[in-house]
Trainee: 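Next up is a structure, given as structure tokens.
Numbers for residues simply follow the sequence, beginning at 1. Side-chain atoms are counted along with the backbone in the values below, which use heavy atoms only and exclude waters and symmetry mates.
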Amino acid sequence: MSSSAFSAAHEGEASLYLTFDDNSLLPALFGEHDQHLARIEQAFGVWVTSRGNHVALSGSADATNAAKKVFLELYDMLKRELPVDIAEVEAVLRTASNDVSGQAEDPKNRSVIRTPRRTILPRSSNQTRYVRALMDAELVFGIGPAGTGKTYLAVAVALSLMARGHVERLVLSRPAVEAGERLGFLPGDLRDKVDPYLRPLYDALYDMMPADKVNNYLHGGDIEVAPLAFMRGRTLSNAFVILDEAQNTTPVQMKMFLTRLGENSRMAVTGDLSQIDLPRGMQSGLAHGLSIVGELEDSKVVKFADTDVVRHSLVTKIVKAYDAHEGSYAAHHSSRDPAGKSHKN
């Protein structure tokens with residue numbers, strides 16, 4: 001790929017002209033109905049026009065340079081036979097601002113996770129740290145808001161390690177807090193009762209593996225999806241074990257889970273401490289466990305922020321709005337006495 005820059009008519013304005021040397025990659029680069037071009041225009045406030053294998057960028061010098069870097073990264077990914085869809089475009093756009101401060105990570109350093117159905121790339125610097133931790137450490141805590149890829153990436157790494165023979169099986173678990181004692185009133189056998197609550201874990205599996213292969217692994221025991229209570233009394237060896245929604249464990253449950261770790265096994269514990277569904281006054285096992293074992297030599301803790309949300313862009317705004325509301329609510333109530341009267345100077 002080659003590029004050249006020319007000064008525009010107005011001071012501070014610039015045009016950049018990019019020429020791509022592989023026309024076969026352009027449909028994926030531009031997106032269906034040029035949606036990737038439109039998204040880059042929106043993100044930087046530039047004009048993007050394409051003709052053949054040429055792209056022209058017009059706008060402020062800073063904006064066109066930033067847009068150019070995004071095109072270069074996406075094109076490089078395609079040349080490396082990595083997937084580029086609108087979600088990947090959003091990920092590259094999220095990190096583009098770090099280029100100015102020199103904090104952006106070289107895209108070639110991002111860990112590539114290959115699963116039977118798809119190739120998965122971390123979409124933020126924290127996701128990259130998380131994937132590397134999952135690859136290297138025996139115990140990893142992934143903490144942060146919904147939509148940051150905590151469980152999805154853990155499942156991807158586990159399947160990748162299974163495919164390479166590093167572990168023999170995958171065990172996924174959740175504490176069935178919301179169901180609680182009401183499980184007995186649901187129709188069907190025990191699996192029918194708990195499967196709906198475990199559905200997000202199945203969704204991740206089916207997204208990364210053909211359905212028939214997932215079903216074969218489930219029936220053969222190579223993959224197990226079960227409520228946390230089923231882990232009691234077991235030792236999990238040669239396995240990658242994932243505990244999802246760990247904020248809803250009690251300290252006793254967390255200790256029970258962590259002590260299931262057997263030879264040649266790894267554990268990933270994921271959760272969001274802002275979404276605890278335990279009865280009021282009950283301590284979260286995730287918070288308790290972090291304070292005790294989070295700093296052990298063989299464990300790693302990766303904390304995600306709202307900037308790491310990789311779902312719809314509106315989800316990031318929703319997370320920020322809730323954080324702002326909760327902060328304002330806490331500040332308001334901390335300024336009032338127990339009787340509900342405001343303190344006055």
Side-chain angles (χ1 to χ4, degrees), residues 111 113 122 124-146 148-162 166-177 198 200-201 204 224-305 308:
S111 302
I113 312 168
S124 72
S125 58
N126 279 333
Q127 284 198 352
T128 297
R129 288 178 54 236
Y130 183 55
V131 169
R132 288 175 180 164
L134 291 168
M135 294 285 193
D136 298 336
E138 294 177 326
L139 173 61
V140 178
F141 291 90
I143 314 299
T148 49
K150 303 181 299 294
T151 304
Y152 188 85
L153 289 173
V155 172
V157 170
L159 292 177
S160 175
L161 293 176
M162 278 184 66
H166 293 295
V167 294
E168 296 177 357
R169 56 188 175 134
L170 167 60
V171 179
L172 301 122
S173 186
R174 269 185 159 195
V177 169
L198 300 171
L201 302 177
E224 178 182 354
V225 183
L228 178 58
F230 284 30
M231 299 297 107
R232 188 172 297 278
R234 303 175 61 185
T235 299
L236 301 169
S237 301
N238 298 308
F240 197 113
V241 192
I242 300 172
L243 176 60
D244 190 32
E245 299 289 342
Q247 75 275 5
N248 289 328
T249 62
T250 65
V252 172
Q253 288 174 326
M254 178 59 72
K255 179 181 177 182
M256 179 274 290
F257 177 79
L258 294 176
T259 54
R260 300 309 94 195
L261 187 67
E263 291 296 322
N264 190 42
S265 288
R266 299 174 187 225
M267 280 187 170
V269 179
T270 70
D272 179 0
L273 289 170
S274 71
Q275 295 190 20
I276 298 173
D277 299 313
L278 294 169
R280 185 179 298 273
M282 184 177 291
Q283 185 179 16
S284 166
L286 177 58
H288 185 257
L290 282 171
S291 69
I292 295 175
V293 303
E295 300 302 323
L296 292 181
E297 182 179 353
D298 296 325
S299 70
K300 293 187 179 180
V301 178
V302 179
K303 295 182 179 180
F304 295 90
D308 297 304

Trainee: Using side-chain contact (heavy atoms from CB on, under 4.5 Å), reason through Val241 and Phe257 one step at a time and then give a plain yes or no.
Mentor: CA-CA 10 Å; Val241 192; Phe257 177 79; 3.6 Å; yes
Trainee: Working to the nearest 0.5 Å, report the span between CG of Leu273 and CD of Gln275.
Mentor: 10.5 Å
Trainee: Are any non-hydrogen side-chain atoms of Leu236 and Met231 less than 4.5 angstrom apart?
Mentor: yes
Trainee: To the closest 0.5 Å, what do you measure between OG1 (Thr249) and CE (Met282)?
Mentor: 10.5 Å
Trainee: Under 3.5 Å, side chain of Thr148 to main-chain N/O of Phe304, donor-acceptor pair present?
Mentor: no
Trainee: Between Met267 and Leu258, is any pair of side-chain heavy atoms under 4.5 Å apart?
Mentor: yes
Trainee: Can you see which heavy atom on Val157 is nearest to which on Met135, and at what distance?
Mentor: CG1-SD, 4.0 Å
Trainee: What's the spacing between Met254 CE and Leu290 CG if we round to 0.5 Å?
Mentor: 7.5 Å
Trainee: Answer yes if the side chains of Ser124 and Asn126 hold a donor-acceptor pair under 3.5 Å, and no otherwise.
Mentor: no
Trainee: Quick one: does Ile113's side chain get under 4.5 Å of Leu153's, heavy atoms only?
Mentor: yes
Trainee: Do Thr151 and Leu201 have side chains that approach each other closer than 4.5 Å (heavy atoms only, starting at C-beta)?
Mentor: yes
Trainee: Between OG of Ser237 and CZ of Arg169, what distance do you get to the nearest 0.5 Å?
Mentor: 7.0 Å
Trainee: Look up atom CD in Glu297 and atom CD in Glu138, then write down how far apart they are to the nearest 0.5 Å.
Mentor: 10.0 Å
Trainee: Could you tell me the separation between the CD1 atom of Ile292 and the OG atom of Ser299, rounded to the nearest 0.5 Å?
Mentor: 12.0 Å
Trainee: What closest approach, in Å, do His288 and Ser291 show between heavy atoms, and which atom pair accounts for it?
Mentor: O-OG, 2.6 Å
Trainee: Does the Ser173 side chain pair with the main chain of Val225, one donor and one acceptor, at a distance under 3.5 Å?
Mentor: no
Trainee: Identify the heavy atoms of Ala133 and Lys300 that sit nearest to each other, and give their distance.
Mentor: CB-CD, 3.8 Å
Trainee: Any non-hydrogen side-chain atom of Val302 less than 4.5 Å from a side-chain atom of Gln127?
Mentor: no
Trainee: So among Asn248, Thr270, Asp244, which one has a side-chain hydrogen bond (donor to acceptor under 3.5 Å, both in side chains) with Arg174?
Mentor: Asp244
Trainee: Looking only at atom types and distance, does a side-chain atom of Lys150 sit under 3.5 Å from a main-chain N or O of Gly144, one as donor and one as acceptor?
Mentor: yes
Trainee: Would a 4.5 Å heavy-atom cut-off, applied to side chains only, mark Met162 and His166 as touching?
Mentor: no
Trainee: Do you know the tightest heavy-atom contact between Leu170 and Phe240?
Mentor: CD1-O, 3.3 Å
Trainee: Identify the two heavy atoms, one from Ser284 and one from Ile276, that lie closest to each other, and give their separation to 0.1 Å.
Mentor: CB-CD1, 3.7 Å
Trainee: Could you check whether any side-chain N or O of Thr259 sits under 3.5 Å from a backbone N or O of Lys255, counting only pairs where one atom can act as donor and the other as acceptor?
Mentor: yes
Trainee: Between Gln247 and Gly271, is there a donor-acceptor pair closer than 3.5 Å when you use the side chain of the first and the backbone of the second?
Mentor: no
Trainee: Minimum heavy-atom separation for Tyr152 and Ala204, please, with both atom names.
Mentor: CD1-CB, 4.2 Å
Trainee: Are Leu286 and Leu243 side-chain neighbours, meaning at least one heavy-atom pair lies under 4.5 Å?
Mentor: no
Trainee: Is any side-chain heavy atom of Leu296 closer than 4.5 Å to one of Leu139?
Mentor: no
Trainee: Looking at Arg260 and Arg234, would you say the former's side chain and the latter's main chain have a donor-acceptor pair under 3.5 Å?
Mentor: yes
